[in-house]
Amino acid sequence: MQIDLHFGMTWVVARAAGFSPKDAKVIAHASQYVDDATNQGTIKFSNGATYKRITTAHKMLDYRNLQSLKNQQVWIPFHFLPGNDGLPAGSNPSGSFIRKLVCKPNSYVAKDMVDECIANRHRPYALHLLGITSHVFIDTYGHQGFAGVQHQINNVDNIRHHNGQLDSNWMQRVSDYFMDVMQDEIPSLGHGQALSNPDLPHQHWSYMNGLGERIERNNPKDFLEAANELCKVYQTYLQHTPVGLSSHIKTLIAQCFSEFDMDGGELRLKLWLEAIARDRFGLGAYQLAYIAKGLGSWKHQALGTVLSDGDEDDYLFSQAFLSSDWKLFHDAAKQHRFNVVDIILPRYGICVS
């Protein structure tokens, strides 16, 4: 999924579940920031203090960066959560090991991830962790059928739209996207070869995967289910009865999927933010905005820098840094990666550490 759902829709679902506008904004911001925390390394302060952050994405989720594709500690815990073929811990799917690694919507692995998140509800970074968990959780719907490793199962061919029409321009768009990468070297990681088809809320499509299986995808239906299940996650977190979204809110979200039918995520987000500001969802009018990097961003607020890439030689330390949203996000990201990689996946016989 893209910024319109990870930020805009996530805020709507969090509000519908019972979070305050302010807390919903933290959750939604952290959810989207998973795709934007592309820098890594140690921050140095002029007083000698240091802070080591982690990256939760590669620039532009760039499938063209062949070296970055080897980083399973980014792709698997933050974007392509293994689904163990929908089976509980201790059960093994038939066939090869890759079946364990393929994303499955709302899998037992995903439920375990949610449980670990809720178990850390007392942490200073609890809402940021919930936002990260939200991102990964709804991406189990958008990324279903794909795995966060290079494997032929991620190969995509014969894309057709819901009317059965072959996407005749698909191969040319793939070739244009990967530019200088040789055709036989186009990475088979995640949904790189499917381009943005898995992320578009209005898209109903199908494709042939690398195992020769015809895969049908109804994004509007799947994404509405993702929103409803995410609402249940939030209601459980708040210790409310997990009944999901009201029929009214579900109808409004489905309408947005249908109406906001442009391919650009930023363009769709603008419409989501306008709908929120006009109180289209009946949750209270709210001026919501997202700044990934630069002036006004979480990093700017924490460190005083407006750099989008790279870092200053050092930063002036203040106590406020310790409770800044930027630091709390990275604290939460470390916790999330530990939860997934070191606690949850080994239960399913999966080792990616």
Side-chain angles (χ1 to χ4, degrees), residues 1 34 54-58 61-117 132-133 135-159 181 184-195 197-199 206-217 222 226 333 336-353:
M1 298 184 187
V34 170
I54 66 172
T55 181
T56 58
H58 299 296
L61 290 182
D62 198 345
Y63 294 91
R64 292 166 293 195
N65 186 341
L66 300 185
Q67 278 301 115
S68 76
L69 301 187
K70 299 177 181 178
N71 193 345
Q72 295 181 1
Q73 297 239 339
V74 169
W75 294 103
I76 287 180
F78 294 105
H79 301 282
F80 294 91
L81 188 70
N84 200 44
D85 207 26
L87 299 174
S91 299
N92 294 312
S94 60
S96 62
F97 181 72
I98 191 63
R99 296 292 186 183
K100 281 181 170 287
L101 299 183
V102 172
C103 264
K104 291 285 184 180
N106 201 10
S107 63
Y108 284 97
V109 179
K111 295 177 191 297
D112 286 352
M113 174 187 67
V114 169
D115 289 344
E116 290 293 338
C117 172
I132 294 169
T133 300
H135 181 112
V136 181
F137 182 83
I138 63 174
D139 264 359
T140 65
Y141 289 83
H143 294 171
Q144 61 180 291
F146 297 99
V149 295
Q150 290 200 69
H151 191 276
Q152 71 181 59
I153 199 170
N154 296 320
N155 290 345
V156 171
D157 196 10
N158 197 25
I159 290 181
V181 179
D184 59 355
E185 293 179 344
I186 289 177
S188 53
L189 182 143
H191 63 75
Q193 294 187 21
L195 299 179
N197 282 290
D199 293 324
S206 68
Y207 68 99
M208 193 75 74
N209 72 11
L211 301 183
E213 301 165 332
R214 169 60 60 178
I215 307 297
E216 296 287 338
R217 292 289 302 272
D222 292 341
H336 172 84
R337 186 173 67 181
F338 177 78
N339 289 348
V340 172
V341 173
D342 294 297
I343 297 178
I344 298 171
L345 292 184
R347 299 173 188 164
Y348 294 83
I350 300 172
C351 180
V352 295
S353 57

>> Show, in sequence, the C-alpha distance, side-chain angles and deciding distance for Phe146 and Val156, and conclude whether the side chain to side chain contact (heavy atoms under 4.5 Å, CB included) test is met.
In response: CA-CA 10 Å; Phe146 297 99; Val156 171; 3.9 Å; yes

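With rounding to the nearest 0.5 angstrom, the CG atom of Asp85 is 12.5 Å from the OH atom of Tyr108. For the atom pair OG1 of Thr140 and CG of Leu81, the computed distance is 7.0 Å after rounding to the nearest 0.5 Å. Note that OH of Tyr348 is 7.0 Å distant from OG of Ser107, once rounded to the nearest 0.5 Å. Taking CD1 of Ile159 as the start and CG of Asn197 as the end, the distance is 4.5 Å to the nearest 0.5 Å. Asp157 CG to Arg214 CZ: the interatomic distance, rounded to the nearest 0.5 Å, is 8.5 Å. Annotation: the span from Ile153 atom CD1 to Leu101 atom CG amounts to 9.0 Å, rounded to 0.5 Å.
Ring geometry, Trp75 versus Phe80: the interplanar angle falls from 30° to 60°, so the pair is classed tilted.
The backbone N or O of Met1 lies less than 3.5 Å from a partner atom in the side chain of Asp139, making a donor-acceptor pair. Proximity of a side-chain donor or acceptor of Asn339 to a complementary backbone N or O of Met113 within less than 3.5 Å is not detected. With His79 contributing its side chain and Thr56 its backbone, the two residues share a donor-acceptor pair below 3.5 Å.
For the pair Ile344/Arg347, a side-chain contact is recorded, criterion being any heavy-atom separation below 4.5 Å from C-beta on. Looking at heavy atoms from C-beta onward, Asp115 lies in side-chain contact with Asp112 at the 4.5 angstrom threshold. For the pair Val341 and Ile76, the minimum side-chain heavy-atom distance is 4.5 Å or more.
Across all non-hydrogen atoms, the minimal contact from Ala226 to Phe137 is O-CE2, 4.3 Å. Nearest heavy atoms, Asn154 versus Ala147: OD1-N, 2.9 Å.
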Return all side-chain donor-acceptor pairs below 3.5 angstrom for residues 87-97, not counting sequence neighbours, or 'none' if the list is empty.
{"unit_1": "Asn92", "atom_1": "OD1", "unit_2": "Lys100", "atom_2": "NZ", "d": "2.7"}

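Shown here are the salt bridge (charged side-chain N to carboxylate O under 4.0 Å, His left out) partners of Arg337, two or more places apart in sequence or in another chain: there are none. Partners of Phe78 according to the ring pair (Phe, Tyr, Trp, His ring centres under 6.0 Å) rule, which considers only residues two or more places apart in sequence or in another chain, are His336. Under the side-chain contact (heavy atoms from CB on, under 4.5 Å) criterion, Asp222 pairs with Gln144, Arg217, not counting sequence neighbours. Judged as a side-chain hydrogen bond (donor to acceptor under 3.5 Å, both in side chains), and not counting sequence neighbours, Tyr141 has no contacts. For Arg99, the side-chain hydrogen bond (donor to acceptor under 3.5 Å, both in side chains) test picks out Glu213, with sequence neighbours left out.
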